[in-house]
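Below is one structure, written out as structure tokens; comments come after it.
Atom set for the values below is all heavy atoms of this structure, side chains included, hydrogens, waters and symmetry mates excluded.
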Amino acid sequence: MSHAQYMARAISLAKKGLYTTDPNPRVGCVLVKDGVIVGEGYHRKAGEGHAEVNALAQAGERARGATAYVTLEPCSHFGRTPPCSDGLIKAGVVHVVCAMQDPNPQVAGKGFAKLQAAGIELTSGILEEQARALNPGFIKRMETGLPFVRLKMASSLDGRTAMQSGESQWITGPAARSDVQKLRARSSAIISGIDSILLDDASLTVRAHELGFDDEAFAQFVAARQPLRVILDSKGRLPKSARVLKQAGDTLVAVRHGVQLHVGAEVLPLNTDGKGLDLKALLIELGNRHCNEVLIETGATLAGQFIQQALVDEMVLYMAPCLMGSSARPLFNLTIEQMADKQVLNIVDTRMVGDDMRLTIRF
């Protein structure tokens, strides 16, 4: 097998941590000796062993003289666990093949340098694009301080999200709603606006029974880590009775400076920018809180504000095979007056989820 084939296996292992490693990156490792895989591992959960540690534990003495295929540069610093580069050196690995350099300034190149100083052969850049796709949020946060922002929307074929009355349950089918649960599960935080909360009394949680996993124990494990729920409530209208306040996990309520709100949740005062709360400042705060991927689930006004301020990296749009009419509510409230100012989007994936179409779009 080639370097790329072994790395592809390491990437598939890393994907097993898609919903559970936050705020750490998803990483996989394969140890190969004499053309035989002698150890495999992936990072399962923050605070537990990294991919290299788990692969070395499986390989035991067979790791001596082996080649390690790792999706991310082995760490060189002490965090919750010892440096993985030290573990590879101690185990007697002779060659490390890596997909990409770690964007974390604490590591960035230092792990590579430590391996080479120990006489270990180094090859990097194998399937780098696929490896970067594993961790869009971790990479963006390390490079810019901001989380990766994903906007989730659901609409009819004529681009409507709710009836004029606000009624919206349900536009899409159960398969699409299960898919949204997976988007929540991979996210560090979920952002919603107060109008959406008041209208739907949403809980904004990951629900194990709706994830659609065959392994019930794994579904419970995933749901045990609830994303931070973030409610944008500039005027402090969130009632103490709101369901979002009664769920497992933490809720953060962003309000305008000077607004008093006492609902048993953490309150974050923000400045306003003329159109509402300072959304960029909110994302900076979430980045400082080690949020990698942020999911926005909200209505047309707030969604439009995030888009117009160029704060959205990706949109996942579920389109149901139905029509709701011109009086129903639109996907976005956007101010675009000339054709030259239209938003040009890049559709990177299209697939059916049950009876609904899912579009993945990059800005």
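- Counted by atom type alone, Ser188 and Asp22 present one or more donor-acceptor pairs between their side chains at under 3.5 Å.
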Show, in sequence, the C-alpha distance, side-chain angles and deciding distance for Met324 and Asp158, and conclude whether the side-chain contact (heavy atoms from CB on, under 4.5 Å) test is met. CA-CA 7 Å; Met324 294 171 60; Asp158 53 347; 4.3 Å; yes
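- Electrostatic pairing of Asp102 and Lys110 does not count as a salt bridge here, judged by no charged N lying under 4.0 Å from a carboxylate O.
- Between Arg351 and Asp349 there is a salt bridge, since a side-chain N of the basic residue sits under 4.0 Å from a carboxylate O of the acidic one.
- Other residues, nucleotides and ligands contribute more than 12 heavy atoms inside 6.0 Å of the CG atom of Asp215.
- Contact check on Glu314 versus Lys140 returns no salt bridge, with no Lys/Arg side-chain nitrogen under 4.0 Å from an Asp/Glu carboxylate oxygen.
- Remark: aromatic rings of Phe213 and Phe221 are distant, center separation not under 6.0 Å.
- Contacts classified as ring-ring contact (aromatic ring centres under 6.0 Å, His included) and involving residues 95-118 (residues at least two apart or in different chains) are given here: His3-His95.
- No donor-acceptor pair under 3.5 Å is formed between the side chain of Glu297 and the backbone N or O of Met153.
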Can you list the steps and then say if Glu143 with Arg132 is a salt bridge (charged side-chain N to carboxylate O under 4.0 Å, His left out)? CA-CA 13 Å; Glu143 292 179 344; Arg132 290 183 69 88; 3.6 Å; yes
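- Note on Asp313 versus Arg362: no salt bridge recorded, every NZ/NE/NH1/NH2 to OD/OE distance being 4.0 Å or above.
- Of the possible polar contacts, one joining the Arg160 side chain to the Ala328 backbone as a donor-acceptor pair under 3.5 Å is found.
- Taken together through direct or relayed side-chain contacts under 4.5 Å among Ile, Leu, Val, Met, Phe, Trp and Tyr, Val294 and Val316 form parts of separate hydrophobic clusters.
- Transitive grouping of hydrophobic side chains (ILVMFWY, heavy atoms separated by less than 4.5 Å) brings Leu345 and Leu157 into a common cluster.
- Atom CG of Leu323 is surrounded by more than 12 heavy atoms from other residues, nucleotides or ligands within 6.0 Å.
- Linking Ile, Leu, Val, Met, Phe, Trp and Tyr whenever their side-chain heavy atoms come within less than 4.5 Å puts Val30 and Tyr42 in one cluster.
- Hydrophobic clustering (ILVMFWY, side-chain heavy atoms < 4.5 Å, transitive): Val180 and Val206 are in distinct clusters.
- The aromatic rings of His50 and His43 stand perpendicular to each other, their planes meeting at an angle above 60°, with 30° marking the opposite boundary.
- Counting heavy atoms of neighbouring residues, nucleotides and ligands inside a 6.0 Å radius, atom CG of Asn288 exceeds 12 of them.
- Between Asp86 and Lys114 a salt bridge is recorded (basic side-chain N to carboxylate O distance below 4.0 Å).
- Considering CD1 of Ile190 and CG of Leu228, their distance stands at 9.0 Å, rounded to 0.5 Å.
- Both Leu134 and Ile126 are part of a single hydrophobic cluster, where members link through side-chain heavy atoms under 4.5 Å apart.
- Remark: the backbone N or O of Leu146 is paired with a side-chain donor or acceptor of Thr144 at under 3.5 angstrom.
- More than 12 heavy-atom neighbours from other residues, nucleotides or ligands sit within 6.0 angstrom of CD on Gln309.
- Between Arg256 and Ser234, the side chains place no donor N or O within less than 3.5 Å of an acceptor N or O (distance only, hydrogens not considered).
- Glu293 has a carboxylate O that lies under 4.0 Å from a charged side-chain N of Arg150, or vice versa, which qualifies the two as a salt bridge.
- Between the side chains of Arg141 and Asn292, a donor-acceptor pair is found at a separation under 3.5 Å.
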